Protein chains: 2
Amino acid sequence: MTETRKLLMDAAEANIRQKGYNAVSFRELADDLGIKSASVHYHFRKKEDLGLALITRYSERFFQTLAQNTFEAATAREKLTGFCETYRQALVSSDSICLCGMLGAESCGLPEAMTTKVAGFFTANIAWLENAFPSHWPSADKQSRAGQVVATLQGAMMLATSTGNPLWFRQTATHLIEDVMGP
Amino acid sequence: MTETRKLLMDAAEANIRQKGYNAVSFRELADDLGIKSASVHYHFRKKEDLGLALITRYSERFFQTLAQNTFEAATAREKLTGFCETYRQALVSSDSICLCGMLGAESCGLPEAMTTKVAGFFTANIAWLENAFPSHWPSADKQSRAGQVVATLQGAMMLATSTGNPLWFRQTATHLIEDVMGP
DNA sequence: GTCTATAAGATGATAGAC
DNA sequence: GTCTATCATCTTATAGAC
């Protein structure tokens, strides 16, 4: 992958995660890199192409980091802690919410292909958690608990950034782990 | 309040809650009502004025509905259930997320006055919950649990709408009440 | 790969007629 | 209150030169 393409995606991801998909323009991204908007169109023919590439890269990165964070996790509790930690890193490293959390909120106003990909990110999150939970749990419980975890962490990122208080995330994640796994 | 002004706010709220603040234009709202965009500017001089009016009205409505839903609530559990039910109604009646959840996600890209008002909605939510929880709880617990509740419900709305599956909200809310209040 | 130039349309906003 | 007319600006996107 080209260096410029990478820098464009970095700038786009950062901006979208802070302001939303519709608040980011090719001109703005071009200015960030010191090039012209026509050059951005060389790397991404349409804005939707950029959006799709961002979701793909974000998702791959997320599951890579998740794998690293749970490499030594033996118990379900350790796996869930690693999952929460992966979300926390995404929040802290960029001081902004999850890319798919933002796009999920804007879902109805996005190109359909993007909507589908974002939903795929969430179902993959849920599937990972279902697999991480103790195998003796009823599968209905594993599913509903997985949804609860994703929902809680996504909401906690939003609450933490919009109020400017990262404590809301940390406290919520701590409660969540205890609530789901027991004391 | 004028009828047109009310209809404009209805259209704006519905559209923003589905697509986000930056995806909604005065022209679009005007078309919805069969008037011209210049007429929209008569009712709301700037877009920001419309945004602020929407947050105010949404917040007032929310706390009115919340009061109705918890009018007969005697226990903390019943109050929390009424709180979750108020969120559920907002989701089901419009098939879209909370206005402040959307604006909270887009927070960094909004006029500062809007950002402040949105944060105020969340802190008011949290304050209501802190007051609803059993008085014998340590205040740090009341605060962190209140944040957890708001974060969870906001995230659950986003997850439910973006995946098109309202079950994620219902299951999550059910777990949440049990987790916070005990079995 | 990046540029200039350009198109076609959207957007927030205003002035002034009715 | 609503309209027409208009504005400057922004947006996505393309064609073709370098």
Side-chain angles (χ1 to χ4, degrees), chain A residues 1-55 57 99 102-103 106-115 117, chain B residues 1-55 57 99 102-103 106-115 117:
Chain A
M1 179 160 64
T2 325
E3 175 69 7
T4 304
R5 185 181 163 95
K6 184 200 168 297
L7 292 174
L8 274 174
M9 290 180 72
D10 291 344
E13 183 185 317
N15 278 287
I16 291 176
R17 286 174 66 181
Q18 282 192 16
K19 306 180 296 182
Y21 182 77
N22 289 301
V24 177
S25 71
F26 272 31
R27 253 190 188 72
E28 185 190 354
L29 300 175
D31 288 347
D32 281 4
L33 268 72
I35 57 176
K36 296 295 168 180
S37 76
S39 306
V40 181
H41 280 280
Y42 167 80
H43 295 279
F44 301 97
R45 219 184 141 261
K46 294 190 301 170
K47 193 181 178 184
E48 179 181 351
D49 296 336
L50 170 58
L52 291 170
L54 286 178
I55 302 170
R57 189 184 70 161
L99 176 69
M102 177 66 84
L103 298 178
E106 295 177 305
S107 222
C108 302
L110 300 178
E112 199 184 325
M114 287 182 65
T115 309
K117 275 212 139 193
Chain B
M1 180 161 64
T2 325
E3 175 69 5
T4 303
R5 185 181 163 95
K6 184 199 167 299
L7 292 173
L8 273 174
M9 291 179 72
D10 291 344
E13 183 185 316
N15 278 288
I16 291 175
R17 286 174 67 181
Q18 283 191 18
K19 306 180 297 183
Y21 182 77
N22 290 301
V24 176
S25 72
F26 273 31
R27 261 185 182 73
E28 184 190 355
L29 299 175
D31 288 348
D32 281 5
L33 269 72
I35 58 176
K36 296 295 168 182
S37 76
S39 305
V40 181
H41 279 281
Y42 167 80
H43 295 278
F44 301 96
R45 218 183 141 261
K46 294 189 301 170
K47 194 181 178 185
E48 179 181 350
D49 297 335
L50 169 58
L52 291 170
L54 286 178
I55 302 170
R57 189 184 70 162
L99 177 68
M102 177 66 84
L103 298 178
E106 295 178 304
S107 220
C108 302
L110 299 178
E112 198 184 325
M114 288 182 64
T115 308
K117 274 212 138 192

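All of these numbers come straight from a predicted model, not from anything done at the bench. Sequence lines set the chain letters: A, B, ... in the order given, protein chains first and strands last, and positions in each chain run from 1.
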Here the gap from A:Arg17 atom CZ to A:Met102 atom CE, rounded to the nearest 0.5 Å, amounts to 9.5 Å
Name the pairs: protein N/O against N/O of nucleotides 6-10 of chain C, kept only if under 3.5 Å.
none

Any donor-acceptor N/O pair, A:Glu106 side chain to A:Tyr21 backbone, under 3.5 Å: yes
Would you indicate whether the side-chain heavy atoms of B:Arg57 and B:Asp10 approach each other to under 4.5 Å? yes
Specify the separation, in whole Å, of atom NZ of B:Lys47 and atom P of C:dA13. 8 Å
side-chain contact (heavy atoms from CB on, under 4.5 Å) partners of A:Leu33, counting only residues at least two apart: A:Thr4, A:Leu7, A:Leu8, A:Ala11, A:Ile35
By ring-ring contact (aromatic ring centres under 6.0 Å, His included) - contacts of A:His41 (at least two apart): A:Phe26
Quick one: list whatever passes side-chain contact (heavy atoms from CB on, under 4.5 Å) with A:Ala14, sequence neighbours left out. none
Which residues satisfy the side chain to side chain donor-acceptor pair (under 3.5 Å) test with B:Arg5, sequence neighbours excluded? none
Quick one: salt bridge (charged side-chain N to carboxylate O under 4.0 Å, His left out) pairs with a partner in residues 38-54 of chain A, sequence neighbours left out? A:Lys46-A:Glu48
Residues forming a side chain to side chain donor-acceptor pair (under 3.5 Å) with B:Gln18, sequence neighbours excluded: none
Tell me: CG of B:Leu50 to C1' of C:dG12, nearest whole Å? 12 Å
To the nearest Å, give me how far apart CD (B:Glu28) and C1' (C:dG12) are. 14 Å
Tell me which residues in residues 2-21 of chain B lie within less than 4.0 Å of DNA chain D, going by non-hydrogen atoms. B:Thr2, B:Thr4
Calculate the interatomic distance between B:Phe26 atom CZ and D:dT2 atom P; express it in whole Å. 14 Å
Are any of B:Arg45's side-chain N or O atoms less than 4.0 Å away from OP1 or OP2 of C:dT14? yes
Within residues 35-43 of chain B, those residues having any heavy atom closer than 4.0 Å to DNA chain D are B:Ile35, B:Lys36, B:Ala38, B:Ser39, B:Tyr42, B:His43
For residues 26-36 of chain B, which residue pairs pass the side chain to side chain donor-acceptor pair (under 3.5 Å) check, not counting sequence neighbours? B:Asn15-B:Asp32, B:Lys19-B:Glu28
Is a donor on one side and an acceptor on the other found under 3.5 Å between the side chain of A:Thr115 and the backbone of A:Ser107? yes
Please report the distance, rounded to the nearest Å, between CZ in A:Phe44 and P in C:dT2. 12 Å
